[in-house]
Amino acid sequence: MNIDIQIAEARRIQPAMDEVQFGSHVSDHMFLAEYEAGRGWHSPRVQPYGQFQLDPRALVLHYGQSVFEGLKAYRQADGGIALFRPESNAARLNASCQRMAMPALPGALFIEGLKRLIALEDAWVPATQGAALYARPIMFACEPVLGVRRSASYQFCIMLCPVPPYFQPGDPPLKLLAREDCARTAQGGCGDAKTSANYGQTIVALEGARAAGYDNLLWLDAAEHRYIEEVGITNVFVRYGDKVVTPPLSGRILPGITRDSVIRLLRSQGEQVDEREIAIEALLAGIDGGQVLEIFLTGTATIVAPVKEIGFRGRRHPFVPAPDSMATRLYRQLTAIQHGTAVDEFGWMLRIPA
Ligand SMILES: *Cc1c(COP(=O)(O)O)cnc(C)c1O
């Protein structure tokens, strides 16, 4: 694949990891490609990080035809760099595109773009355990026209942000609020697509939860406000005695790659993982009665993080996560695979050639 590379004249000074927030800093270059109806994807290139020029009629600004991905490049024990499951992100990007009437991006373009960009930004990949270089691919509709229809042109871009560990074992577990007056997505909507509209509409509800003293939202289904679905923008697992349960991919849930990795890791260790509906009432009864041993979230940014309280209908349901929790064990196992200090038995890591 012919990818043009234009090197930035000046490199930015890199921040110390403790000054960095999620996405507050970006590396020196970005990857771009454009799509034109009739021509397809063209002009793949790496160039200095900079701004887009958009016509005010660009369709994305009006009707939200926009999708994104998120994945991390990790510093390896031997000094190299590797990406965690990028083919899964490429496939999910295309599933999101299909849902949003956007053109598929060839997987090879996604992977080659990432490889070339990250190889150039080697110095931006943090060495600290748990820290990473977060890649954020985005695609959006650019055609200047106001009709609600497929756009004739799209922009694809990958940017890279150094990120500290979002959550580490020992950090305080999270408090979640389940609300019946809002929903993340409904059946027949686009909850299983990583598309912008699913996120902007949650900010008001999230601010409400934070004002009430909670860290995040425990989303319930939109039809009955009865079954748990996700936490903020992460997937959720519940551990009872000898089994782990997570809501099934109903079409309303984002198919997290960390979710899939955790399920596969647990099953390979002989744990029973069930994908089934979890009613909030039963979950709270299980917490109050001591049958629920832990609840944890999974996502690329968070990796795995434990929960210590759920609020619902004005009542708090606290519980004490076990100190030798499954969440901590999974966090350590996943980060060890990601940093190349444990055997990659699933073939999840993709090396970036120097
Ligand atoms: C991205 C995302 C997740 C987590 O997916 P990963 O692939 O594990 O990062 C979960 N829920 C929502 C709504 C998301 O957007």
Side-chain angles (χ1 to χ4, degrees), residues 22-23 64 66-74 83-97 99-100 110 114 130 132-139 158 161 163 165-167 174 176 182-187 189-203 205-206 209 215-222 227-238 246-266 273 275 278 295-305 307 327 330-331 333-335 337-338 346 348-350:
F22 199 78
S66 156
V67 300
F68 67 96
E69 268 305 325
L71 67 163
K72 285 174 171 173
Y74 294 87
L83 278 163
F84 183 67
R85 302 190 64 178
E87 288 91 357
S88 302
N89 295 90
R92 188 172 64 188
L93 178 82
N94 283 334
S96 300
C97 286
R99 177 65 186 88
M100 299 304 290
F110 185 92
L114 276 169
L133 189 61
Y134 179 81
R136 170 55 65 89
I138 58 171
M139 192 202 294
I158 305 172
C161 301
V163 293
Y166 202 81
F167 188 91
L174 304 171
L176 310 177
C182 57
R184 193 184 83 87
T185 181
Q187 193 68 36
C190 52
D192 57 352
K194 232 171 158 70
T195 181
S196 310
N198 287 336
Y199 304 85
Q201 74 91 1
T202 65
I203 296 169
L206 184 59
D215 298 297
N216 218 325
L217 290 159
L218 175 60
W219 293 110
L220 303 179
D221 74 288
Y227 297 102
I228 71 165
E229 302 210 308
E230 298 205 49
V231 172
I233 57 169
T234 59
N235 297 112
V236 62
F237 288 76
V238 181
T246 190
L249 298 177
S250 54
R252 304 180 303 269
I253 288 174
L254 201 284
I257 293 162
T258 321
R259 174 188 181 279
D260 181 69
S261 308
V262 160
I263 292 174
R264 288 167 65 177
L265 209 50
L266 287 175
V273 185
E275 296 177 70
I278 304 164
I295 299 176
F296 54 89
L297 342 170
T298 66
T300 295
T302 318
I303 306 189
V304 183
V307 173
L330 285 166
Y331 178 94
Q333 289 173 342
L334 273 175
T335 51
I337 294 171
Q338 289 164 335
F346 299 94
W348 282 337
M349 304 309 293
L350 181 75

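As the structure is a prediction and not an experimental result, all values here were calculated from the model. As the structure lists them, so they are numbered: ligands from 1, and atoms in each ligand from 1.
- If you check which protein heavy atom lies closest to atom 13 (C) of ligand 1, you get Arg184 NH1, 3.3 Å.
- In this structure, the protein non-hydrogen atom closest to atom 8 (O) of ligand 1 is Thr258 OG1, 2.6 Å.
- The backbone N or O of Glu229 lies less than 3.5 Å from no partner atom in the side chain of Asp221, so there is not a single donor-acceptor pair.
- The backbone N or O of Ile257 sits less than 3.5 Å from a side-chain atom of Ser261, completing a donor-acceptor pair.
- For atom 15 (O) of ligand 1, the closest non-hydrogen atom of the protein is Tyr199 OH, 2.5 Å.
- The backbone N or O of Gly191 lies less than 3.5 Å from a partner atom in the side chain of Arg184, making a donor-acceptor pair.
- Ring planes of Phe296 and Phe237: parallel class, angle under 30° (limits at 30 and 60°).
- When all heavy atoms of Ser66 and Thr195 are compared, the closest pair comes out as O-OG1, 2.6 Å.
- The environment of CZ in Phe68 is crowded: more than 12 heavy-atom neighbours from other residues, nucleotides or ligands sit within 6.0 Å.
- Among protein heavy atoms, atom 5 (O) of ligand 1 sits closest to Gly256 CA, 3.3 Å.
- Summary of contacts: the protein heavy atom closest to atom 11 (N) of ligand 1 is Glu230 OE1, 2.5 Å.
- Of the polar atoms of Ile257, at least one N or O is found under 3.5 Å from an N or O of ligand 1, judged by distance alone.
- Proximity of Leu249 to Asp192: side-chain heavy atoms (C-beta onward) are nowhere separated by under 4.5 Å.
- A donor-acceptor pair under 3.5 Å is absent between the side-chain atoms of Glu69 and the main chain of Ile158, judged by distance alone.
- In terms of protein heavy-atom proximity, atom 1 (C) of ligand 1 is nearest to Lys194 NZ, 1.4 Å.
- From the protein, the heavy atom lying nearest to atom 9 (O) of ligand 1 is Thr300 OG1, 2.6 Å.
- Protein heavy atom closest to atom 3 (C) of ligand 1, with residue, atom name and distance, is Ile233 O, 3.3 Å.
- Of all the atoms in ligand 1, the ones that sit under 4.0 Å from a non-hydrogen atom of Arg92 are 5 (O), 6 (P), 7 (O).
- Of all the heavy atoms of Thr234, the ones lying under 4.0 Å from any atom of ligand 1 belong exclusively to the backbone.
- Ligand 1 has no N or O atom lying under 3.5 Å from any N or O atom of Asn235, backbone or side chain.
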